[in-house]
Amino acid sequence: MGSAWVQKYAPRRRSEVVGNKESVNSIIAYLNRFRNPKLRSKLVKKAILLYGPPGIGKTSSVLAIAKGLNFDVVIVNASDNRNKNSLQSVRNASIFSSLKENLDSKVVGQILLIDEVDGLSGSADRGGLREIVYIINSTRVPLILTANDVSPQKFKTLRKHCELYEFKPPRVEEILEILYRIIEAESVSVSETILRKLIEMSQNDIRGSINSLQILASGKKKIVSDDLNIISYRDTTIDIREFFKTLFIEADGEKAYQQTRLLSDVDYSKLLLLLRDFSIYFLPKDDYDKITQVYDVLARADVALTRSQSKMIWSQLAYFYSFCTKELASIITPVSKFPSFPDWQLQVPSYWITLSRQKKGRRIATKVGRVCQVSSQSAINFFLPYLRFIFQYNPELAAELAIEFQFFDIEPGKRKTKIIWNGEIDYFVKRKDVNRLIKKRIRELYPQLERIREREINTQILEQIREQQRLMRLEAQKRKRDVSKDILKTTNKIESTPKIVKSKNKKTREIKKKKKTKKPQVKTDSPQEKRKKPSSEKTLTDFL
Amino acid sequence: MVKIERMWTEAFRPKTLDEVVGQTEIVERLKQFSKRVDFPHMLFSGPAGVGKTTCAEAIVNEIYPPNERSSNVKRLNASDDRGINVVRQDIKNFARIIPSGSSSYKIIILDEADQMTSDAQHAMRQTMERYNEITRFILICNYSSRIISPIQSRCAIFRFSGLNIDEIKLRLQYIAERKQLQIDEEALDALYESSEGDLRQAINALQASASLTSDITVDVVYQVQGYVKPTEVRAALMECLEPRPDFSAARKRIQVLMESYGLSGQDLVKHLNRELNRISDGDIPESVRFAALSMLSEVDYRIATGSNPQIQLDAFLAKMISIAQKQR
């Protein structure tokens, strides 16, 4: 069959590039400016970024233009490693490769093409985006980036550093032209309706329709409409909105069932949660039977999903899908158009939001539980409600309790300690003025608190040292006198010494008790006693 | 010098057995034990907020001088990890060390021990026996039935009962005096009523009331209780039982409970179960109540086996609405 048609029939010249005339011209203008040293210095943005849906000629245009103007193209695409380090070597190349210009008479320069920048993996390509911005700033060769979608926030810097040119899907007629040229060259006979269907199925994606065409034509000279079945909606993905259209407007359960495999941006559980969130909009408010049926179906789908994932009974997934599509479609009343959703764009299941708030509550409960000696579960039930009340109505007290529960972190700085809020106080108080009052009060209290703590620690250590000294003395006395009568005497002595009198009476009673219980141990000189002695001496030397 | 206010449940936790309110017989026995400085493994069981942990801490205070407490006592409560690995390593390692200082044994306090898995409990059996000479366990739990019987048989079991009205009022009055609060008899009664014999909750309610004013009347107490008690559970159920039920409103309430009270799915099912049983017969027909309970049991099982609580509770609420509607 030979090579892939996509490559075989890729545009070779600028004139062969279909559609997006303005953007294509801008690429040429950019390259010309970059070649002219005078104009280059005037370039404010040193790179260009081409964006648009896949398969409509972004990369192909660049390659075709480069060929026409005798540029070499170095491509860095998603198959390459694009983390910080590997991009650094690209950057070095981009700085020095301009030297090559004169070596080959025909080649006038090089273009660096970073393909699919939005495909940078968050974990594997860590630091990649920032490195790309460095490359833009330091490059000496023309730099072209392509992407499908650069609207997310993380591309903000990138957008600022590049000239942006949008690529739009070509018209059906333009793609038809290309396909006709191909079937002519390959001498395959295909009707126009089939070609149009192919284009529609791929959503005006040139690459997609050429690929589909090649698959249909393999081993055949004539393509009939029945052949279309084998590629039904191949290569295209649909978003959740499309899926919901099939389900709730067309109410076509069978089609929706097929589409579940094509959903690219959601996984099983997210799909289910979104269905849970949005189903309510497609149900008449007072048709309780229908509401019950729909949520019962979702609950059963949830059970099937749980079984498939936690018990690894994968066959349950089929039931999950058919509950979510076929059965759901059979119950709901189709609507003519979508009601306006408050957050269509976000598409975050409300359960995820609930879960993250719940987690925060648990974290706080653990902190409270540690202080109050209860489990986080009990803290939620017995403490958090009261705390919420106190935080709401008494900022002064709230501030003091926040200190006790350590609802903030302390970062010691050179001049003053910094207080870092972790959102615990925001969790309890939604009112901004009260919230501010609490935080202000904590800042006031904290320095004083620090001093108190220092003093407490000092006195604690002092007490420990005194205690150790006392023990040492007792040990020494014990060694001298081995008769029980004498030990009784020492207790009398201790009672008369001023140090012990200072401490509470209870303490002396305890000591007496201890002495009495120790008596037999002294006599028998048990192994336990032997092991104990050195340990107390050791800690004493540590202290002194 | 600044005095930083603390949680009163901690600040006024009795330091000695003499201070402990109620449980007179148990306290008497424990005093004997701590005097002889010898006691068996112990199991404290009983409802929340009646002094189980406090008694354990008081024993520690009576037996050890302050500087020996940290090295001779290990506390593990339910917020710590107490899986089988902790039992086999941390607890065992602590149990076999010779006690330091003057005492002849160490104490391990396991709070909320009934929340340990039975595997972890079995792993503890041998540790309790082998290091009996130098280590004593105090296990604290709500339900002694959830402690495996081999462990129960190794322990002296103390059953703590709920505190009565005089005991709770006595302690509340003591705290009010120390904090210079004015509190009338009626308010004390209201505090007892809402606490259901749980002194911890009563003290928390007192502190919350005192955060509003130092002159505590019954109205203040009610204001706190109205804020604190999760009325949302009942409200969500009533939303379903009304002549014109509102499914969206009901599930919104459930969501609020999960978010701002941090209740897990199974907590919610527990609350729903309790409220379902409490709603008066006039508000809910018997048949609806039983149908709802049987559904709830299914929901409980599904959530326990890993299903999504939100979706399952949605289904529960919806079904309850249609059953209640059919009754009309």
Side-chain angles (χ1 to χ4, degrees), chain A residues 269 272-273 276 280 288-289 291-292 294-296 298-299 302-303 306 310 350-351 354 357-358 361-362 365-366 369-378 380 382-386 389-390 393-394 397 400-401 403-404 445 448-449 452 463-464 467 507 510 513-514 517-518 528 531-532 535-536, chain B residues 1-2 4-7 9-10 37 48-49 53 65 67 75 77-79 98-102 104 111-112 115 198 200-201 204-205 207-208 211-212 224 227-230 244-245 247-248 255 258-264 267 302 305-308 310-312 314-315 317-319 321-322 325:
Chain A
S269 66
L272 184 63
L273 289 169
R276 179 261 171 196
I280 192 77
Y288 305 113
D289 275 343
I291 294 179
T292 309
V294 164
Y295 282 93
D296 182 52
L298 291 179
D302 179 40
V303 171
T306 313
S310 66
S350 68
Y351 184 66
T354 305
R357 290 193 187 145
Q358 213 179 31
R362 299 222 159 239
T366 313
R370 218 170 281 150
V371 173
C372 298
Q373 304 192 28
V374 293
S375 64
S376 59
Q377 198 60 41
S378 312
I380 284 175
F382 302 134
F383 284 94
L384 291 204
Y386 297 100
F389 183 89
I390 293 171
Y393 293 106
N394 193 334
L397 178 57
E400 297 181 15
L401 293 179
I403 291 175
E404 187 183 11
L445 283 175
Q448 293 167 290
L449 193 75
I452 296 170
E463 255 174 41
Q464 273 171 335
E467 180 70 25
K507 235 182 195 174
E510 269 173 31
K513 231 184 283 166
K514 251 180 287 153
T517 51
K518 257 182 197 168
Q528 275 180 27
R531 249 169 282 172
K532 248 186 291 167
S535 74
S536 67
Chain B
M1 187 173 137
V2 242
I4 298 289
E5 187 73 301
R6 302 173 55 207
M7 284 308 280
T9 49
E10 286 309 301
V37 204
T53 310
N67 62 325
R75 300 176 183 81
N77 65 26
S79 57
I98 304 270
S100 67
S102 54
S104 54
D111 217 335
E112 301 184 41
Q115 283 180 27
D198 176 347
R200 176 159 54 205
Q201 284 216 64
N204 276 333
Q207 188 172 20
S211 75
L212 275 189
V224 172
Y227 187 91
V228 162
K229 292 268 160 174
R244 289 195 62 77
F247 174 65
S248 298
Q255 192 175 332
M258 289 174 108
E259 284 179 11
S260 53
Y261 288 85
L263 293 179
S264 67
D267 280 344
R302 286 180 181 181
T305 48
S307 289
N308 181 303
Q310 203 178 40
I311 290 175
Q312 297 301 338
D314 274 357
L317 293 174
K319 212 163 194 171
I321 289 177
S322 56
Q325 284 294 307

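To find a chain, count down the sequence lines: A is the first, B the second, and so on, and within it residues start at 1.
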Sub-3.5 Å donor-acceptor pair from the side chain of A/Glu404 to the main-chain atoms of B/Met7, do we have one? yes
So which part of B/Ala205 gets closer than 4.5 Å to some heavy atom of chain A, the side chain, the backbone, both or neither? both
Considering only heavy atoms, which portion of B/Gln325 lies under 4.5 Å from any heavy atom of chain A: side chain, backbone, both, or neither? side chain
Test A/Cys372 against B/Arg200 for side-chain contact (heavy atoms from CB on, under 4.5 Å), laying out the working first. CA-CA 10 Å; A/Cys372 298; B/Arg200 176 159 54 205; over 6 Å; no
Could you tell me which of B/Ala48, B/Ser264, B/Ala208 has the largest number of non-hydrogen atom pairs under 4.5 Å with chain A? B/Ala208
One should read off an interatomic distance between A/Arg357 CZ and B/Glu259 CD, to the nearest 0.5 angstrom, of 4.0 Å
Is there side-chain contact between B/Phe247 and A/Ile280, with heavy atoms separated by less than 4.5 Å? yes
Proximity breakdown for A/Gln373 and chain B, heavy-atom pairs closer than 4.5 Å: both
With a 4.5 angstrom heavy-atom cut-off, could you sort out which part of A/Leu397 is near chain B: side chain, backbone, both or neither? side chain
Scored by heavy-atom pairs under 4.5 Å with chain A, the best of B/Asp314, B/Asp198, B/Thr9 is B/Asp314
Drop me the distance from A/Thr292's OG1 to B/Ile321's CD1, to the nearest 0.5 angstrom. 7.0 Å
So how far is it from B/Ser307 OG to A/Leu272 CG, rounded to the nearest 0.5 Å? 9.5 Å
Examine distances only and state if a side-chain atom of A/Tyr351 and a backbone atom of B/Asn308 form a donor-acceptor pair shorter than 3.5 Å. no
Can you tell me which of B/Thr305, B/Asp267, B/Thr53 forms the most heavy-atom pairs within a distance under 4.5 Å of chain A? B/Asp267
Between A/Tyr386, A/Phe382, A/Tyr393, A/Phe383, which has the largest tally of heavy atom pairs under 4.5 Å with chain B? A/Tyr386
Which atoms of A/Arg276 are under 4.5 Å from chain B, going by heavy atoms: the side chain, the backbone, both sets, or neither? both
Please look at A/Ser378 and chain B and tell me whether the side chain, the backbone, both or neither of the residue comes under 4.5 angstrom of a heavy atom of that chain. side chain
At a heavy-atom distance under 4.5 Å, which candidate from A/Val294, A/Leu401, A/Leu298, A/Asp296 has the highest pair count against chain B? A/Leu401
Can you tell me how far apart OG1 (A/Thr306) and CZ (B/Arg302) are? Round to the nearest 0.5 Å. 9.5 Å
Here the gap from A/Leu384 atom CG to B/Asn204 atom CG, rounded to the nearest 0.5 Å, amounts to 10.0 Å
Could you walk me through whether B/Leu212 and A/Phe389 pass the side-chain contact (heavy atoms from CB on, under 4.5 Å) check? CA-CA 9 Å; B/Leu212 275 189; A/Phe389 183 89; 3.6 Å; yes
